[in-house]
Amino acid sequence: MSASAPGKVILCGEHAVVYGHPAIAVPVTSVAARATVKGRRVAGTEIVTPDLDEQWLIDERPDHPLSTLTERTLRTLGHGDKQALRITLESTIPIASGMGSGAAIAAALVRGLGRYFAAELDPALVSRLVYESERHYHGTPSGIDNSVVSYGRPIWFQRSPDGAAPRIEPLPLAESWTLVIGDTGLRAPTRLTVGAVRERRTRDPQGYDALFAAIGQAVATIRQRLLSGAVAGIGPLLDQNHHYLQAIGVSTPELDRLVLAARAAGATGAKLSGGGGGGIMLATANAAAAPAVARALRAAGAARVIVTEVAAAGSGSVLV
Ligand code: MEV
């Protein structure tokens with residue numbers, strides 16, 4: 001029995017989302033994580049990760065976040081007693097690049113276990129289980145990554161100020177559009193960039209809060225354009241969002257170089273995506289211009305380029 005979860009990018013609103021402003025994230029369906037769950041003859045639940053060449057019994061490494069997630073999921077499914085399972089986890093999502101590889105592997109694992117026990121799990125429940133697991137890597141993540149990969153659809157995400165459940169709204173896009181993603185190949189753990197922003201904000205709370213609010217406003221306008229079929233009009237707002245992210249200190253020369261190269265090659269808008277400090281950027285382009293944007297990103301030094309289509313509502317689920 002197997003299940004998948006897509007990669008993701010944050011289209012707009014990263015960092016500000018940690019402080020209660022909205023953000024939009026979209027699935028990247030050209031890459032995915034997959035979990036295959038099978039019974040095995042001997043007792044014990046084994047996790048196998050062929051990409052990393054690792055294999056372990058969850059009882060032997062109970063503190064491993066995937067062991068903990070497996071146990072928690074089995075308990076949630078009402079199968080907490082000893083099982084005899086082999087869970088194989090594979091992924092084509094670049095690791096630690098801001099494309100949600102850890103969250104997608106976790107979501108595929110939870111959905112795969114659900115399917116094995118004939119339970120089609122609600123995305124909100126999958127997302128909650130994945131969030132617990134993500135905390136191990138990210139400290140206090142906003143919850144946007146686990147949400148988008150668990151729903152497998154573009155989402156609007158906003159933390160609630162009082163610590164209650166976040167507002168998560170799947171966004172029914174009026175039209176499909178093309179995203180070109182460029183990876184700097186440089187790794188910057190999200191918890192470090194989020195921590196550095198928090199630190200800088202303590203020295204200039206007003207300045208930072210004004211930037212976060214401006215990002216939130218751009219996100220709200222982008223949402224309207226996505227829902228009304230004015231996708232071509234989101235480009236300048238993405239450019240503006242990049243500018244604000246530069247101002248809060250999370251862009252780098254490498255990210256800026258890729259952003260400029262994408263714009264020069266005909267992208268309608270470009271910005272860094274995710275935590276910054278390295279990692280990835282994204283550009284919107286009409287389908288005809290996307291190959292030229294991809295070429296320009298490679299020429300400007302991108303370690304990897306991914307072109308993906310963000311599907312309009314009604315195109316069917318990306319979760320298989
Ligand atoms: C990381 O993908 C996005 C950030 O906004 C952090 C978070 O939302 O947890 C930088």
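Every number for a ligand or one of its atoms is a count from 1 in the order of the listing. Bear in mind the structure is a predicted one, so any value in this text is a computation, not a measurement. Numbers here simply count residues along the sequence, with the first being 1.
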Does only the side chain of M99 get under 4.0 Å from ligand 1, or the backbone, or both, or neither? Count heavy atoms. neither
Show me which atoms of ligand 1 lie under 4.0 Å from any heavy atom of D145. 2 (O)
If only atom types and distance count, is the side chain of S4 paired as donor or acceptor with the main-chain N or O of R34 below 3.5 Å? no
Less than 3.5 Å between some nitrogen or oxygen of H15 and one of ligand 1, yes or no? yes
Considering all heavy atoms, the nearest W56-E54 contact: CZ3-CB, 4.1 Å
Under 4.0 Å to a heavy atom of E14 - the qualifying atoms of ligand 1, by number: 5 (O)
Cluster link M1 to F117, ILVMFWY, side chain under 4.5 Å: yes
Numbering as shown, the atoms of ligand 1 that approach I10 to under 4.0 Å (heavy-atom distance): 2 (O), 3 (C)
Do T88 and T36 meet the criterion of a side-chain donor-acceptor pair at a distance under 3.5 Å? no
T190: numbered ligand 1 atoms lying under 4.0 Å from its heavy atoms: 1 (C), 6 (C)
Taking S160 for the side chain and A164 for the main chain, is one N or O donor matched with an acceptor at less than 3.5 Å? yes
Quick check on K8 - does any of its heavy atoms sit under 4.0 Å from an atom of ligand 1? yes
Please list, in number order, the atoms of ligand 1 under 4.0 Å from a heavy atom of V17. 5 (O), 8 (O)
Backbone N or O of P166 within a donor-acceptor pair of the Q158 side chain at under 3.5 Å? no
So if I count the atoms of ligand 1 from 1 in the order they appear, which ones are less than 4.0 Å from some heavy atom of I144? 8 (O)
Have a look at ligand 1 and work out which part of T193, if any, has a heavy atom under 4.0 Å from it: side chain, backbone, both or neither. neither
Return a yes/no value for S142: is any of its N or O atoms, backbone included, closer than 3.5 angstrom to an N or O of ligand 1? yes
Heavy-atom closest pair (V149 atom, G100 atom, distance to 0.1 Å) is CG1-O, 4.4 Å
